Amino acid sequence: TTPASGSAQREFTGVYNNDHFGYSVRIPDGLIGRNSPPPAPDNGFVLSFGDSSMDRLSAWAELRPFEDDLGSIRDEFVAFARDEETPLMLKNELRTELNGFPAIQLEFVDSLTDATHTSLRLFAFRLCGENQTPILYVIALDSGSTNDKRSLTHFESLKHSWKMTEKCDI
């Protein structure tokens, strides 16, 4: 991780390491990951790219209050997506892995236009550290274009470079 100095937000290039939540991921070449400075938690980053303010890719981890299964996480996010300002409709669902951990990948489209906006979410879950703390790991893509191969390439790059570390400082 290479934080840039003197910026309002923290900036990262190369490999982003997060010892607190127990993961690392390579930021695609030419892109800069950003997150808010302290006191905001350092749980992940956002990458902005493309011509639209809708084009962004995020990677983060969050604490869960209890151990979840991927089915309940899926149901929770599908319900949330329907209630958004721009309602999203589930188009495709794929059971997959994130660094050997079971994961679910959900693809949504804008329910009003059915094509102008794509949203991908990859969720993985594990118990981390000595206390077996429940953590949800997320890669999220929001793109203004369903045909933007570059955004899908960046999404896959994060997915394939993701590494779970053995230690979590939680």
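Numbers for residues simply follow the sequence, beginning at 1. All of these numbers come straight from a predicted model, not from anything done at the bench.
- Distance check: Glu11 CD to Ile27 CD1 gives 10.0 Å after rounding to the nearest 0.5 Å.
- Taking 4.5 Å as the limit, some side-chain heavy atom of Arg74 sits within range of a side-chain heavy atom of Glu93.
- Taking 4.5 Å as the limit, every side-chain heavy atom of His160 sits out of range of all side-chain heavy atoms of Trp162.
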Could you pull out all donor-acceptor pairs under 3.5 Å where a side-chain atom in residues 128-139 meets a protein atom, sequence neighbours excluded?
unit_1: Gln132; atom_1: NE2; unit_2: Gly129; atom_2: O; d: 2.9
unit_1: Tyr137; atom_1: OH; unit_2: Phe21; atom_2: O; d: 2.7
unit_1: Tyr137; atom_1: OH; unit_2: Arg126; atom_2: NE; d: 2.9
unit_1: Tyr137; atom_1: OH; unit_2: Arg126; atom_2: NH2; d: 3.3

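- Cluster annotation: Ile104 is connected to Leu90 through the hydrophobic network of ILVMFWY side chains, with a link wherever side-chain heavy atoms come within less than 4.5 Å.
- Between Asp142 atom CG and Phe155 atom CZ the span is 10.5 Å, to the nearest 0.5 Å.
- Cys168 and Gly22 get closest at one heavy-atom pair: SG-CA, 3.8 Å.
- Residues Gln105 and Asn92 form no side-chain contact, since every pair of their non-hydrogen atoms from C-beta on lies 4.5 Å or further apart.
- At least one donor-acceptor pair closer than 3.5 Å links the side chain of Asn99 to the backbone N or O of Met164.
- Shown here are the side-chain contact (heavy atoms from CB on, under 4.5 Å) partners of Asn35, two or more places apart in sequence or in another chain: Arg10, Phe12, Tyr16, Asp42.
- Put simply, CE on Met89 and CZ on Phe108 are 10.5 Å apart, with the number rounded to the nearest 0.5 Å.
- Contact detail for Tyr23 and Gly44: the closest heavy-atom pair is OH-CA, 3.4 Å.
- Note on Ile32 and Leu57: separate hydrophobic clusters, where clusters join Ile, Leu, Val, Met, Phe, Trp and Tyr whose side-chain heavy atoms are under 4.5 Å apart, directly or indirectly.
- Side-chain contact of Arg121 with Ser119: a donor-acceptor pair under 3.5 Å is present, judged by distance alone.
- Clustering ILVMFWY residues whenever any of their side-chain heavy atoms sit less than 4.5 angstrom apart, transitively, puts Leu70 in the very cluster that holds Leu127.
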- [ ] Output, in order, the C-alpha distance, side-chain angles, deciding distance and verdict of side-chain contact (heavy atoms from CB on, under 4.5 Å) for Arg56 and Leu141.
- [x] CA-CA 6 Å; Arg56 64 185 174 272; Leu141 168 66; over 6 Å; no

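- Within the 4.5 Å cutoff, the side chain of Leu122 has no heavy atoms near those of the Leu120 side chain.
- Under the 4.5 Å side-chain heavy-atom criterion for Ile, Leu, Val, Met, Phe, Trp and Tyr, Val46 and Leu158 are members of distinct hydrophobic clusters.
- Leu63 and Phe101 fall within the same hydrophobic cluster, where Ile, Leu, Val, Met, Phe, Trp and Tyr residues are linked whenever their side-chain heavy atoms come under 4.5 Å apart, directly or through other members.
- For the pair Val25 and Ser161, the tightest heavy-atom approach, listed with the atom from each and the gap, is CG2-OG, 3.3 Å.
- Atoms CG and NZ, on Leu106 and Lys91 in that order, are 13.5 Å from each other to the nearest 0.5 Å.
- Rounded to the nearest 0.5 angstrom, Gln9 CD and Arg34 CZ are separated by 7.0 Å.
- The line from OG of Ser72 to CZ of Phe125 is 8.5 Å long, rounded to the nearest 0.5 Å.
- The residues Lys159 and Glu97 are annotated as not salt-bridged, no charged nitrogen and carboxylate oxygen being separated by less than 4.0 angstrom.
- Looking at Asn18, its side chain never comes within 3.5 Å of a backbone N or O of Ser24 through a donor-acceptor pair.
- Screening residues 160-170 for salt bridge (charged side-chain N to carboxylate O under 4.0 Å, His left out) gives Lys167-Asp169 as the qualifying pairs, with residues at least two apart or on separate chains.
- Heavy atoms only, all atoms of each residue included: Ser48 and Leu31 are closest at O-CD2, 4.2 Å.
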